[in-house]
Amino acid sequence: MEENELTPMTAESVKELLEVAGAEAMIRAGRSDSYGAPREFSFEVRGIFPNGMGLHIQARQYTYRDPWEAKGRVNDFVDVSLLRNGEYSPLPKGYTFFQERDQEEDIDYQQLEKIINDVSSLNPRIYQLQELTGDMS
């Protein structure tokens with residue numbers, strides 16, 4: 001792989017990243033008539049960590065690497081939402097991602113690894129501390 005080439009992601013590889021970090025993860029992939037998903041819908045993975053924090057990772061479209069979709073359908077970027085107590089949430093101050101928002105868009109594989117590491121190692125009590133000090137409302 002070239003130095004500047006992105007690492008492709010699949011539902012299985014994202015689920016494995018979450019599970020290695022200690023999360024329970026589930027996949028929903030492909031197109032479904034009842035779901036009403038657009039043609040390019042690729043996959044969703046949700047993971048919940050032992051600390052109660054969760055991530056909802058969605059790949060909305062494929063990056064086609066060849067013109068006829070024969071073998072080149074991959075996901076180079078995903079959107080990631082942060083879940084706290086089952087609701088969307090930003091991260092406390094001091095983190096690179098999820099500052100004053102609950103979703104990060106167009107995340108590559110290396111950024112996803114960092115997000116998973118940060119969220120899996122987060123002590124949720126930091127929210128209470130920052131709420132007490134007025135750093136988070």
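Of the possible polar contacts, none joining the Glu100 side chain to the Pro90 backbone as a donor-acceptor pair under 3.5 Å is found. Checked by atom type and distance alone, the side chain of Asp76 never pairs as donor or acceptor with a backbone atom of Met9 at under 3.5 Å. At distances below 3.5 Å, not a single donor-acceptor pair connects side-chain atoms of Asn85 with backbone N or O atoms of Glu87. Judged purely by atom type and a 3.5 angstrom limit, Thr133 uses its side chain to pair as donor or acceptor with the backbone of Leu129. Side chain of Gln99 to backbone of Pro92: a donor-acceptor contact under 3.5 angstrom is found. When atom types are taken as modelled, the side chain of Gln103 and the backbone of Asp79 share no donor-acceptor pair closer than 3.5 angstrom.
Of all non-hydrogen atoms in Thr7 and Gln110, the two that sit nearest each other are OG1-NE2, 3.4 Å. A pairwise comparison of heavy atoms in Val119 and Asn51 identifies O-ND2, 2.9 Å as the closest pair. Ala21 and Ile116 make their closest contact through CB-CG2, 3.5 Å (heavy atoms, listed as atom of the first residue, atom of the second, distance). Taking each heavy atom of Ile48 and Gly54 in turn, the nearest pair found is CD1-CA, 3.9 Å. The heavy-atom pair separating Asp106 from Phe77 by the smallest distance is O-CD2, 3.5 Å. In plain terms, the two heavy atoms of Gly22 and Pro50 that are nearest each other are O-CD, 3.3 Å.
When side chains are defined from C-beta on, Phe97 does not count as touching Leu82, because their heavy atoms never get closer than 4.5 Å. Looking at heavy atoms from C-beta onward, Leu18 lies in side-chain contact with Ile57 at the 4.5 angstrom threshold. At a threshold of 4.5 Å between non-hydrogen side-chain atoms, the residues Leu91 and Tyr127 count as touching.
With rounding to the nearest 0.5 Å, the separation of CE in Met26 from CZ in Arg46 is 9.0 Å. Here the straight-line distance linking atom CD of Gln128 with atom CD of Glu131 works out to 7.0 Å at 0.5 Å rounding. The OH atom of Tyr95 lies 6.5 Å from the CG atom of Asp118; values are rounded to the nearest 0.5 Å. The CD atom of Gln58 sits 13.5 Å away from atom CD1 of Ile107, with the distance rounded to the nearest 0.5 Å. Rounding to the nearest 0.5 angstrom, the gap separating the OG atom in Ser81 from the CD atom in Glu105 is 8.5 Å. Here Lys15 contributes atom NZ and Ile27 contributes atom CD1; the two are 5.0 Å apart, rounded to the nearest 0.5 Å.
For Glu16, the CD atom sits in a loose shell: 12 or fewer heavy atoms of surrounding residues, nucleotides or ligands are nearer than 6.0 Å. Remark: Glu24 CD is loosely packed, at most 12 non-hydrogen atoms of other residues, nucleotides or ligands lying under 6.0 Å away.
Think of Leu83 as one node in a network of Ile, Leu, Val, Met, Phe, Trp and Tyr side chains linked at under 4.5 Å; its network also takes in Tyr88.
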